[in-house]
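Read the structure below first, then the notes.
Computed from heavy atoms alone, side chains included, the values below leave out hydrogens, waters and symmetry copies. Below, chain A is the first sequence line, B the second, and so on; all start at residue 1.
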There are 2 protein chains.
Amino acid sequence: MLTKEELIEFCKEARESYLDHISIDCVVFGFHEGQMKVLLLKNKDEEKWYLPGGFVLKPEPIEMAANRILKERTGLDEIFLQQFHVFGDPDRSKVHNDMYADMLPPEENWFSNRFLTIGYYALVDFFEVTPQPDRFSEVCAWRDMEDMPELQLDHGLIFKSALDTLRVQLNYQPIGYNLMPKEFTMPELQKLYETILDKKLDRRNFQRRILGFGILNRAEQPRKGGAHKAPYLYSFDLEGYKHALTEGFKGGW
Amino acid sequence: MLTKEELIEFCKEARESYLDHISIDCVVFGFHEGQMKVLLLKNKDEEKWYLPGGFVLKPEPIEMAANRILKERTGLDEIFLQQFHVFGDPDRSKVHNDMYADMLPPEENWFSNRFLTIGYYALVDFFEVTPQPDRFSEVCAWRDMEDMPELQLDHGLIFKSALDTLRVQLNYQPIGYNLMPKEFTMPELQKLYETILDKKLDRRNFQRRILGFGILNRAEQPRKGGAHKAPYLYSFDLEGYKHALTEGFKGGW
DNA sequence: TACAATTGTGTATTTAGTACACAATTGTAA
DNA sequence: TTACAATTGTGTACTAAATACACAATTGTA
């Protein structure tokens with residue numbers, strides 16, 4: 001939460017630097033301990049969480065803006081990022097507007113503007129991320145997808161839309177390279193798919209299909225030390241993976 | 001092309017009415033005589049064509065803006081419209097900016113602003129459309145997709161991107177209801193698919209597959225009067241069609 | 001050393017996709 | 001009137017992909 005002075009300072013700075021009416025919101029997916037995670041922010045004295053987001057600098061390509069915003073929140077560069085939808089309902093920022101409405105009159109308040117927000121989703125390696133709050137929040141943290149808190153504004157809708165998009169993408173693009181560590185076992189990868197889809201898959205059929213895509217390499221040695229039978233380790237074959245990313249899996253018509 | 005006075009008038013009006021930095025561009029697909037058509041606009045004294053587009057009114061949802069813009073260009077209401085991408089390169093409007101740069105200094109010229117454009121594609125019944133030029137053009141006409149003229153700005157990219165999206169959509173959504181007349185024959189529908197995909201399909205397999213979707217009704221009587229064997233007439237089963245639109249064809253995982 | 005948990009692997013069945021050929025209808029030209 | 005070209009309707013065999021399902025091997029623990 002900004003103080004009035006900070007708000008005034010920010011509005012001045014925003015008007016100079018950023019494009020009016022445009023924001024970016026990102027749904028950042030991670031995967032940890034068999035759970036899908038989403039990176040969220042929160043104000044100490046508020047209940048609702050919100051998505052990492054920001055604005056577009058006047059001379060900045062929007063892709064670059066999304067990358068910059070996520071670098072600030074995660075510490076990561078070169079994130080897998082995909083634009084998926086623009087949310088442009090004039091009512092969508094009503095609540096946000098109200099939030100600072102008592103501090104500044106609308107004509108001085110940058111947040112009183114109408115904003116269209118461009119939705120991006122990101123897939124990142126959970127362990128590589130160092131969550132960093134932004135200047136409006138005190139908390140930036142991974143939240144469990146099974147246990148999503150209530151979100152501000154239309155961020156619930158944006159999240160749902162991102163998840164739907166991810167589920168569709170799963171059908172004709174490889175997913176996993178950005179979410180899994182370098183080496184992983186087949187059951188671990190399967191768990192990722194099951195978690196995204198919220199659906200059990202057959203172990204044997206999953207393995208056959210995913211190997212059929214030709215995007216995995218199996219290490220010589222299985223993972224040792226754990227309980228039970230030692231599973232083989234796999235890693236993504238970057239060449240095959242990138243080929244599959246551009247070509248897609250299915251022929252269709 | 002606007003005169004200087006018209007440009008000044010328009011800039012004043014635009015600043016009052018429209019959101020800054022945002023535009024909408026539409027790729028309108030039609031189908032006629034076995035050819036895919038795209039609705040384009042042109043200035044009399046210019047070579048390059050451009051996509052029907054416009055701006056978003058300050059209190060207007062973006063979907064509604066896209067509909068309004070297309071109603072002005074086609075006369076049609078309730079068009080099948082789908083947002084597919086935002087084009088946000090800061091250089092994308094360079095050429096446009098230059099176009100009016102000799103008339104007005106940048107600070108007065110609405111077109112000198114940076115614009116992000118939201119791309120929509122539309123599928124419409126060719127016969128229902130009455131092409132209407134906008135205030136910047138003298139020509140609004142269907143152009144053959146086989147014989148696309150050069151387009152202004154990044155409109156070539158936007159068009160290509162829309163076509164790619166349409167081709168992907170074809171794999172998991174029914175297409176045709178918005179492009180075909182009420183009744184049509186199987187070969188006519190096949191021609192639509194072949195034209196979109198730019199690829200020959202097997203008659204028998206096409207029929208089996210498309211009928212398998214359960215989105216078509218066959219009329220009792222075949223079409224009479226033409227040369228050759230009288231083909232059956234089909235129409236879309238609206239219920240099945242809408243179900244397929246929301247559910248999609250393929251299970252995937 | 002038996003057991004529970006987990007992993008690796010194979011096969012039969014069903015479904016979807018592909019390839020391909022012949023018979024029927026209709027107008028036109030001989 | 002009749003052969004012909006063009007087009008439509010229909011079915012079957014083959015292949016590939018998806019699904020359903022079961023048993024053997026490994027490892028730590030009781």
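A:K200 places its NZ atom 17 Å from the P atom of D:dC21, with the value rounded to the nearest Å. One interatomic measurement links the two molecules: OH of B:Y193 to P of C:dG17, which rounds to 13 Å at whole-angstrom precision. Nucleotide D:dT8 holds its P atom 12 Å from the OH atom of B:Y234, rounded to whole Å. To the nearest angstrom, C1' of C:dT18 lies 16 Å from CD of B:Q207.
With C:dT18, C:dT9, C:dC22 as the choices, the nucleotide that has an atom nearest any side-chain atom of B:R203 turns out to be C:dC22. When each of D:dT19, C:dA24, C:dG27 is scored by its nearest atom to the side-chain atoms of B:A227, the top-ranked nucleotide is C:dG27.
With contacts defined as side-chain heavy-atom distances shorter than 4.5 Å, the pair B:I158/B:V27 qualifies.
Among the atoms of the strands shown, only primed sugar atoms or phosphate atoms (P, OP1, OP2) are found under 4.0 Å from some heavy atom of A:R218. B:P187 comes within 4.0 angstrom of sugar-phosphate atoms only, judged by non-hydrogen atoms across all strands, and of no base.
Of the residues near DNA chain D, B:R204 and A:R208, the one whose nearest nucleotide (by heavy atom distance) lies more toward the 5' end is B:R204. Nearest-nucleotide positions on DNA chain D place B:M186 closer to the 5' end than the other of A:H228 and B:M186.
Both tests hold for B:R218 against B:Y232: distance to the six-membered ring centre under 6.0 Å, angle to the ring axis within 45°.
Between A:K200 and A:E194 there is a salt bridge, since at least one side-chain N of the basic residue sits less than 4.0 Å from a carboxylate O of the acidic one.
In summary, the side chains of A:S161 and A:D164 do not present any donor paired with an acceptor at a separation below 3.5 Å, with no hydrogens or angles considered.
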